[in-house]
Protein chains: 2
Amino acid sequence: MKVKEVAELTGISVRTLHHYDDIGLLSPQKMPGSGYRLYETKDLEKLQQILFFRELDFPLRQIKEIMMSPLYDHEEALRVQRKMLIDKRKRIDQMITTINQTIQCEEGEIEMTDKERFAGIDFRHNPYEEEARQRWGDTAVEQSKKKIASMGEEEQQEMAQAFDAIYKKLATVRDEPADSEKAQAYIEEWFLYLNQLGSYSLEAFKGLGQMYVDDPRFTKNIDKYGDGLAEFMKNAMAVYAERNQR
Amino acid sequence: MKVKEVAELTGISVRTLHHYDDIGLLSPQKMPGSGYRLYETKDLEKLQQILFFRELDFPLRQIKEIMMSPLYDHEEALRVQRKMLIDKRKRIDQMITTINQTIQCEEGEIEMTDKERFAGIDFRHNPYEEEARQRWGDTAVEQSKKKIASMGEEEQQEMAQAFDAIYKKLATVRDEPADSEKAQAYIEEWFLYLNQLGSYSLEAFKGLGQMYVDDPRFTKNIDKYGDGLAEFMKNAMAVYAERNQR
DNA sequence: ATTGACTATCACGTTACGTGATGCTTTATA
DNA sequence: TATAAAGCATCACGTAACGTGATAGTCAAT
């Protein structure tokens, strides 16, 4: 599908699609030669997600962060979005009754306090935001994610390659002991690389390794490079952290 | 009440209150001496209205125009807002079922068309916007037509005379620049008079001026009062509209 | 009398696009 | 097949609704 077709299907503007491409939120294939954007089914799926997030007032940057995360799970996102939409509907119900009361109040039938007058309008601690932050919010990993999201297209490309390279290297030595020279050398490379993104203390670094095995979503992604890589990295990272912690 | 109290009551920021004051949307009394903003009950009522409109994605400029109109009716506004909120709730319901279907689709239980995938997200012709534009929007011309149609004979006579008087006045200054003091004063008189008939937003007013030169029937009739009057009025009306917007 | 919480007014920054301007494809029509 | 019309692309600047300090005056409590 080309831009206008997508625009007409979804009700958003062509410019919006351009914008989402510009910021790297949704970058479809481009027709070689003409440079036309071509949206496939997977792009439409992603766009659907994006628009749900947008309806829930997530800033685009955060949407990007969430969806680029290695922890991202499409179906889980849908469930959380559903919950948040239900909460939003509750808020609207609240506002409707507030209006009803206000009308009655205007006709002198009832009295209203100032608080009641704004029930439903107040946004501050709506539970669905809480829910979302809990699910995707500011963990230690978050910092590096932010950095990643703020990077330009080529930079991201470079980084993805660097990650890939390091994982592959590590995968080749995953059957050696975790404290072997090679393993520790690669792990150091890994540590130094991570510290270009955000500052990881040795403690945090060790914790990150622990997460690799504790969180099945992490494990799954890492073990794509080789069975048992997550476990191996956890051990090697722990060794590295302890050795260098004086 | 002072700014922070209002902010805490309503959940909006102090800056937002400042902003609404800046653009003349909600300008409370100021404490003489300190200059502190003091919000009374009527200001809170108005703020409630504003926030309902905002929830329904009305731009602030339009909210201002709506609420400044001489035709504005608080209670009627509440009723329309209620209707629009109910429609919004329907849209959310639609989105929720879309999510449910998407989840089922993901699990291979059902199939989905592209259109279904975006049901509820598409905003374009939701009826509540229609409703609102009809009520307050740029149908000002139609409103005035209706009003004229419903007027008695003498009233129409009176009106014709008033029109005649204003046109004659304007014809006397049609060689001055469109932004001269006199021209603008007469144009303001014209604007205020029109607003006794129907509510003309500044945008609509400007558009009306444009019509004076675009539609030859208009031009012909107006230029009876003096050659080039239509053109002059168009310019003066545009200046007036732009100066008073924001 | 001093501190700390509030307030005010600039003034520049940000997000998520809107709105042309200009020029290259692709499709429809003569 | 030529030629227009429609669609696409990339700048680049504009806008709406505030956010975010910076700086300075005010008020209530210690």
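None of the values given here were measured: they were computed from a predicted structure. The sequence lines fix the lettering, A, B, ..., with proteins before strands; numbering per chain opens at 1.
- Surrounding CD of B:Glu111 are at most 12 heavy atoms belonging to other residues, nucleotides or ligands under 6.0 Å away.
- Of the residues A:Leu60, A:Ile50, A:Asp21, the one that meets the side chain to side chain contact (heavy atoms under 4.5 Å, CB included) test with A:Leu26 is A:Ile50.
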Sugar-phosphate or base contact per nucleotide [nucleotides 19-26 of chain C; S, B, -; heavy atom under 4.0 Å]: B-----BS
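- For the pair B:Leu25 CG and D:dA16 P, the computed distance is 14 Å after rounding to whole Å.
- The distance between atom CD of B:Glu242 and atom P of D:dT15, rounded to the nearest whole Å, is 10 Å.
- Taking side-chain N and O atoms only, B:Lys30 has no distance below 4.0 Å to OP1 or OP2 of D:dT26.
- The residues A:Glu65 and A:Arg61 are annotated as not salt-bridged, no charged nitrogen and carboxylate oxygen being separated by less than 4.0 angstrom.
- Panel note: side chain B:Lys88, backbone B:Glu55; a donor-acceptor pair is recorded below 3.5 Å.
- Atom CD1 of A:Ile63 is separated from atom P of C:dT15 by 13 Å (rounded to the nearest Å).
- Applying the 4.0 Å criterion to OP1 and OP2 of C:dT9, one finds that B:His18 has every side-chain N and O outside that range.
- Contact check on B:Asp93 versus B:Lys90 returns no salt bridge, with no Lys/Arg side-chain nitrogen under 4.0 Å from an Asp/Glu carboxylate oxygen.
- Regarding contacts with the backbone of C:dT15, a side-chain N or O of A:Arg61 is found under 4.0 angstrom from either OP1 or OP2.
- Under the 3.5 Å distance criterion, the side-chain polar atoms of B:Asp43 are matched with a main-chain donor or acceptor of B:Glu40.
- When the C1' atom of D:dC8 is taken as reference, atom CD of A:Gln29 falls 17 Å away, rounded to whole Å.
- The closest donor-acceptor contact from the side chain of A:Glu116 to the backbone of A:Thr113 lies under 3.5 Å.
- Rounded to an integer number of Å, the gap from CG of B:Asp22 to P of D:dG19 is 13 Å.
- Atom CG of A:Asp57 and atom P of D:dC18 are 12 Å apart (whole Å).
- Across the protein-nucleic acid pair, A:Asp21 atom CG and C:dC17 atom C1' stand 15 Å apart, rounded to whole Å.
- Taking the side chain of B:Ser13 as heavy atoms from C-beta on, and the options D:dG19, C:dC17, D:dC18, the nearest nucleotide is D:dG19.
- Closest to the side chain of A:His19, out of C:dA16, C:dT9, C:dT7, is C:dA16.
- At whole-Å resolution of the value, OH in A:Tyr39 and P in D:dC8 are 10 Å apart.
- Proximity of B:Tyr20 to the phosphate of D:dA17: no side-chain N or O atom is located under 4.0 Å from OP1 or OP2.
- Among C:dT7, D:dA17, C:dA16, the nucleotide with an atom closest to any side-chain atom of B:Val3 is C:dT7.
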